[in-house]
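Single-structure report; data block below.
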Number of protein chains: 2
Amino acid sequence: MTGSTLKGKTVVVALGTILCASMAARAQSPSELNLMPLPAKVQAGNGAMKIDAGFGLSFAGYHEARLDRAGQRFLEQLHRQTGIVFPAGPEDAAKAALIVTTDHESKPVQELGEDESYTLDVTPTGAKLHAANPLGAMHGLQTFLQLVSITPDGFTVPAVSIQDQPRFPWRGLMIDVARHFIPLEVLKRNLDGMEAVKMNVFHWHLSENQGFRVESHKYPKLHEQGSDGLYYTQDQIRDLIAYAHDRGIRVVPEFDMPGHSTAWLVGYPEIASGPGPYQIDRTWGVFDPAMDPTSEKTYKFLNEFFAEMTKLFPDQFFHVGGDEVNGKEWDRNPSIQAYMKSHGLKNNEALQAYFSQRVQDLAVKHGKTPIGWDEILIPGVPKTIVIQSWRGAASLAAAAKQGYRGILSNGYYIDLGWSAARHYAVDPEGGAAASLTPEEKQRILGGESTMWSEFVNPENIDSRIWPRNAAIAERFWSPQATTDVASMYQRMESESSRLEWLGLTHRSYQRLMVRRMAGSASPDEFAALRNLTEALEPVKDYTREQNAAVEPTSQSPLNRVVDAVQPESEISRRFSEGVEQFLASSCKDAASAAQLRAQLASWAGNNARLQSLADHSSLVKEASPASAALSQAAELALGALDRLRQGLPLPDDEKRTQLDALNVFELQAHKAQLTLPARLAFQKLIEAASSGSACGPSNK
Amino acid sequence: MTGSTLKGKTVVVALGTILCASMAARAQSPSELNLMPLPAKVQAGNGAMKIDAGFGLSFAGYHEARLDRAGQRFLEQLHRQTGIVFPAGPEDAAKAALIVTTDHESKPVQELGEDESYTLDVTPTGAKLHAANPLGAMHGLQTFLQLVSITPDGFTVPAVSIQDQPRFPWRGLMIDVARHFIPLEVLKRNLDGMEAVKMNVFHWHLSENQGFRVESHKYPKLHEQGSDGLYYTQDQIRDLIAYAHDRGIRVVPEFDMPGHSTAWLVGYPEIASGPGPYQIDRTWGVFDPAMDPTSEKTYKFLNEFFAEMTKLFPDQFFHVGGDEVNGKEWDRNPSIQAYMKSHGLKNNEALQAYFSQRVQDLAVKHGKTPIGWDEILIPGVPKTIVIQSWRGAASLAAAAKQGYRGILSNGYYIDLGWSAARHYAVDPEGGAAASLTPEEKQRILGGESTMWSEFVNPENIDSRIWPRNAAIAERFWSPQATTDVASMYQRMESESSRLEWLGLTHRSYQRLMVRRMAGSASPDEFAALRNLTEALEPVKDYTREQNAAVEPTSQSPLNRVVDAVQPESEISRRFSEGVEQFLASSCKDAASAAQLRAQLASWAGNNARLQSLADHSSLVKEASPASAALSQAAELALGALDRLRQGLPLPDDEKRTQLDALNVFELQAHKAQLTLPARLAFQKLIEAASSGSACGPSNK
């Protein structure tokens with residue numbers, strides 16, 4: 001709960017809930033302002049400030065070139081959002097509509113826990129943004145951009161007073177550039193997106209079984225033999241780090257070891273635990289190859305490698321991975337077994353702990369603070385290290401109890417295709433962490449969403465990150481009580497539109513992919529394929545790998561319907577909300593019923609419209625079972641809706657048959673690795689139509 | 001008429017017409033293959049070649065690095081079109097699925113009239129592309145990419161044998177970067193588009209009253225004071241020229257003089273005809289400022305300026321503009337008047353001719369061939385110059401008769417919002433040029449579409465160029481008999497999709513602009529605004545300037561509905577085609593009637609759906625008259641359609657009232673500078689519904 005003052009009258013509200021207080025100006029409820037993440041405190045004012053060609057901004061107080069660039073970016077973004085042409089050239093500071101005052105510099109290399117707060121005061125005659133340092137100033141500029149909206153009087157910003165600071169100091173997005181290489185410009189537009197939602201850590205997962213993506217001068221065979229030619233030069237890396245720094249974002253590199261390291265071993269088999277030779281892995285999963293923890297060669301190699309990389313990456317933190325070693329190469333290597341025996345290392349866990357300790361020591365020796373996945377927490381390691389928990393809240397809480405700092409990633413695996421609401425419900429201080437002492441809670445630094453890249457490439461990666469990542473960013477920034485899901489979705493969709501101006505392709509990619517599958521289809525066929533694609537979602541969690549007819553590899557084309565659908569179908573979500581609303585009205589809401597009917601009729605008829613295209617395109621053909629499933633399921637739901645409207649009860653046996661059929665349709669969609677996100681809503685309509693339900697005809 | 005062999009049987013067909021010959025393989029008629037421009041000769045084969053991950057290409061014969069880059073680009077584009085991942089690394093030349101053989105090099109600086117021909121032979125087992133030089137090889141690669149299509153067997157290329165060469169050697173696109181500055185990356189994606197449709201001249205209109213866009217070391221005040229900071233550095237220009245050269249495109253710079261030159265005079269008033277001082281012009285039109293043709297200072301300035309610019313731009317041709325001098329500064333300047341008198345220059349035309357001669361001499365002195373607008377053709381100038389005709393075919397034919405070479409731009413002014421069909425109907429050898437002798441016709445080198453930039457910016461410029469420019473490119477490349485409009489539209493829409501993979505935003509821009517106007521509208525309101533935007537077009541020709549309530553300037557936001565609509569509405573065009581088809585069926589085609597009815601009902605109901613949004617957004621509000629006009633006009637057409645289907649004749653007086661109303665609706669749309677492109681189709685329905693028409697109820 002956060003104190004918030006509305007129109008001069010102080011009221012205490014849960015930010016993010018729909019405010020019931022009567023308000024003259026519709027747009028001035030914090031949850032209705034299109035702010036994401038929601039600020040800590042918002043106080044609405046009267047009136048609005050007009051944005052026109054006379055608008056300008058100026059900087060006061062502490063100044064640096066980064067602020068000028070931020071100002072330039074701000075004006076460019078404001079131009080894109082409004083279309084208004086702002087005059088170039090120097091602004092008369094005193095006359096600027098937005099005056100940004102900054103007290104002092106931030107650290108030259110951005111540090112964990114720096115002050116990121118700001119205050120923003122907008123009145124009809126001008127706006128003032130104040131921050132301790134450039135980090136807060138840049139956050140405030142993003143908030144201002146989110147406040148701009150079109151009104152009967154053109155573009156305006158409502159009068160408002162905002163005091164804001166983040167809940168957690170570590171708000172990250174991890175991108176795995178190793179399983180599929182992601183070019184620099186794609187990362188850059190995602191950094192733009194992170195800036196927009198105030199995320200401040202880009203965790204760069206740079207090495208894997210499937211690729212080593214950094215140029216190394218010391219060990220050139222790493223990128224030469226481990227990357228298929230797809231790597232970043234050191235100049236490019238410096239460029240990206242500067243780009244991130246300009247946006248208040250730290251860059252934490254990860255070099256995963258001792259497992260997840262096949263690509264290293266292609267060029268340097270001498271540090272491996274197996275006999276080699278090694279090839280870059282082309283499939284997904286956990287593989288046997290691992291570094292040899294018993295060989296001094298390994299540590300000599302890593303020492304020199306760290307010497308190079310810790311200079312390249314200026315951040316204080318250095319991620320050493322440490323996850324998922326299956327130990328098979330260790331089991332099979334007699335010399336490793338002998339070493340373990342002679343050094344009293346009882347099992348592979350102990351061996352990995354030994355490796356982990358040595359590696360952490362190396363990182364510390366080179367001036368860095370190690371961070372790694374849960375596995376690096378071994379008894380006795382210094383309390384300075386940071387644990388990134390893929391295992392979950394219990395693991396994170398246990399670490400905090402022992403005095404270790406941690407960040408949560410379990411629950412924020414955006415590659416799994418969960419809904420934004422499901423991620424949003426996960427709290428870094430939830431679960432086992434909820435019962436920590438305040439002191440222990442301090443050790444939970446925040447969290448990171450993780451974009452593992454088995455099934456993404458530059459074409460569709462944005463759609464797997466955005467807009468859902470904006471909801472996670474809000475979880476990390478906004479007060480804990482910010483939990484209203486309806487408000488979140490409304491603001492997330494609005495932010496999603498804004499993100500498009502930054503060049504993110506999370507919406508636009510889909511039409512291109514549909515066009516590829518459709519070839520030179522007729523407009524109606526094309527529309528039908530879009531209709532299908534907008535309604536479905538990919539199967540969730542790891543079922544895509546499990547259910548694949550042919551084992552997917554890094555060379556598999558990502559050109560199928562499953563690659564084109566959104567992780568969360570907006571149209572299906574809205575349909576499901578409509579069903580809830582209709583049922584809540586005791587089936588009396590006729591307008592809602594008409595909308596549901598139109599949607600269901602469209603889905604029900606869609607498969608027939610798609611038939612000829614399926615006969616002409618192998619890619620459409622593959623999705624035919626899912627297309628048929630959607631239409632058949634919608635047909636059932638349509639029948640149920642009509643019964644509800646006509647007062648004709650659905651007999652119990654028919655209900656059971658229909659619910660069974662729904663399950664069959666869902667499994668049918670799985671054949672193309674797709675799922676019907678509206679099926680629960682279909683089920684609710686069928687259940688409601690049966691006699692005895694709250695809304696059923698028998699209750700009329 | 002061009003000889004073309006189909007499935008082994010030689011038949012003579014007009015390429016571009018729908019072939020009636022019976023063919024087993026539907027996709028193998030040249031006009032149904034998605035080729036644009038259509039090749040000179042196409043002979044269909046049997047079967048198809050599969051494109052999968054095993055596909056590769058190799059080069060044989062003459063080799064240069066530019067071909068490798070073209071091959072790389074080809075594979076990237078093929079990846080985008082198909083989603084297939086092609087292996088990196090060197091290809092075994094003998095095993096490659098596509099072998100490209102090039103005989104010899106092309107000129108180091110691309111020249112007018114170089115051999116651009118190629119042959120392409122595709123069989124189910126492999127493809128061979130052969131060209132005299134890299135220019136033809138690159139054209140052939142683009143043809144291959146256009147042949148790739150999705151089929152029941154995945155992506156394939158049909159077996160085919162193509163012999164191709166251009167009709168005209170000069171196939172250009174001019175972009176005016178002066179009235180609105182267009183950044184380098186926007187130009188680059190348009191060069192990609194030009195390569196795709198085999199255009200080979202980028203005419204860069206670099207200076208105007210509103211801006212001077214080139215960095216000059218010799219005269220730095222040109223860009224410093226004449227550009228608002230929006231100009232290209234010389235490094236950027238060299239970069240763009242190299243980019244164009246890599247795509248077989250010449251870059252012809254234009255420095256317009258003695259008029260259209262205010263931006264020069266801001267920094268260098270000493271070469272002006274007026275007293276100065278000068279300011280960059282912010283509005284559109286023909287202005288008074290002009291260089292002083294009577295002052296040797298002017299020629300000394302231009303001599304040194306040409307010395308610098310002719311080195312920067314390697315092309316043989318150097319465009320010196322020459323159009324539209326109103327002469328008012330000359331009339332007002334006593335010293336100019338005295339000079340004219342003493343030198344026997346009778347009028348301003350003679351004065352301009354004198355200037356033009358001196359300027360052409362300077363260009364020649366610096367090793368260039370001058371090109372300019374019609375005005376530069378003055379008696380006695382050497383026959384080497386080239387005339388670019390904005391005035392039209394008569395002017396061009398007259399020049400050709402006198403022995404001058406020329407290119408046609410009149411009829412290809414893509415800023416005027418004409419339909420693709422209207423541009424397509426213009427032939428560089430049409431009109432007065434049709435009666436030229438073969439020798440005279442040789443002097444017609446081709447044409448250029450011209451993108452004048454009063455009302456475009458980086459956001460919507462692509463939509464004003466594409467896809468219509470592809471139809472113009474076909475006019476310049478394909479045999480003269482290629483005139484089937486239905487085939488053109490089908491292939492143009494297909495090419496339009498392909499152009500999107502190159503990053504062109506001619507389709508995607510619209511949703512973003514609609515989103516800006518819609519703000520946080522509901523999905524239904526947003527859909528209604530899209531519906532409106534897709535149905536309308538901007539007013540044509542120069543009426544936007546004439547009808548503006550407020551004089552438009554270079555600072556005017558281009559964020560209105562008129563800026564978001566396509567120059568040619570695809571949906572309205574399809575609707576109009578549907579009306580033709582329905583009427584041609586004597587109103588018996590029920591399926592066609594149902595489609596028309598659905599479209600009309602959607603338009604008729606659209607204004608009501610948009611009302612609440614119009615109340616919330618000033619930008620939507622502005623288009624309200626056009627929105628109402630569309631809905632009201634569609635309502636009338638719907639009534640007519642229903643009468644036709646029901647056999648109820650429309651009384652004559654009602655017909656007259658309705659046709660009058662249509663005109664009123666059209667004028668109403670003009671208030672928002674919009675037009676109803678389907679109005680002629682509406683009119684035809686109303687006329688048909690009246691008694692006595694061919695389709696009317698009285699004839700049933």
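Order of the sequence lines fixes the chain letters, A, B, ..., with proteins taken first and strands second; residue numbering starts at 1 for each chain. Computed from heavy atoms alone, side chains included, the values below leave out hydrogens, waters and symmetry copies.
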Query raised in the report: So, do A:Gln555 and B:Phe86 sit near enough that their side-chain heavy atoms are less than 4.5 Å apart?
Result: no
**Report entry** Best-contacting candidate, B:Asp153, B:Thr82, B:Asn559, against chain A by heavy atom pairs under 4.5 angstrom
**Finding:** B:Thr82
**Report entry** Atom group of B:Glu459 that falls short of 4.5 Å from chain A, counting heavy atoms
**Finding:** side chain
Query raised in the report: With a cut-off of 6.0 Å (strictly less than), are more than 12 heavy atoms of other residues, nucleotides or ligands near CD of B:Gln279?
Result: no
**Report entry** Largest heavy-atom contact set with chain A, pairs under 4.5 Å, which of B:Asn457, B:Leu619, B:Leu558
**Finding:** B:Leu619
Report summary line: Rounding to 0.5 Å, atoms CZ (A:Arg574) and CG (B:Asp524) come to a distance of 11.0 Å
Requested in this report: Would you mind reporting whether B:Ile150 and A:Ser618 have side-chain heavy atoms less than 4.5 Å apart?
Outcome: yes
Query - Closest non-hydrogen atom pair, B:Arg516 against A:Gly83 - result: NE-N, 3.5 Å
Report task. For each of B:Ile84, B:Asp615, B:Thr151, tally heavy-atom pairs with chain A at distances under 4.5 Å, and name the one with the top tally. Result -> B:Thr151
Requested in this report: Can you tell which part of B:Ala614 gets under 4.5 Å to a heavy atom of chain A, answering side chain, backbone, both or neither?
Outcome: neither
Query raised in the report: Heavy-atom distance under 4.5 Å between the side chains of B:Pro152 and A:Lys621, does that happen here?
Result: no
Requested in this report: Using a heavy-atom cutoff of under 4.5 Å, enumerate the residues of residues 503-512 of chain A that contact chain B, numbered in order, or state 'none'.
Outcome: A:Arg507, A:Ser508, A:Arg511, A:Leu512
**Report entry** Atom CD of B:Gln595: over 12 foreign heavy atoms under 6.0 Å
**Finding:** no
Query raised in the report: Which one, A:Ser497, A:Ser494, A:Ala518, A:Gly229, leads in non-hydrogen pairs under 4.5 Å with chain B?
Result: A:Ser497
Report summary line: By salt bridge (Lys or Arg N to Asp or Glu O under 4.0 Å), A:Asp68 pairs with (sequence neighbours left out) none
Report task. Side chain from CB out, backbone as N, CA, C, O: work out which of these in B:Ser617 comes under 4.5 Å of a heavy atom of chain A, or both, or neither. Result -> both
**Report entry** Shortest non-hydrogen separation from A:Ser520 to B:Asn34 and the atoms involved
**Finding:** OG-ND2, 3.6 Å
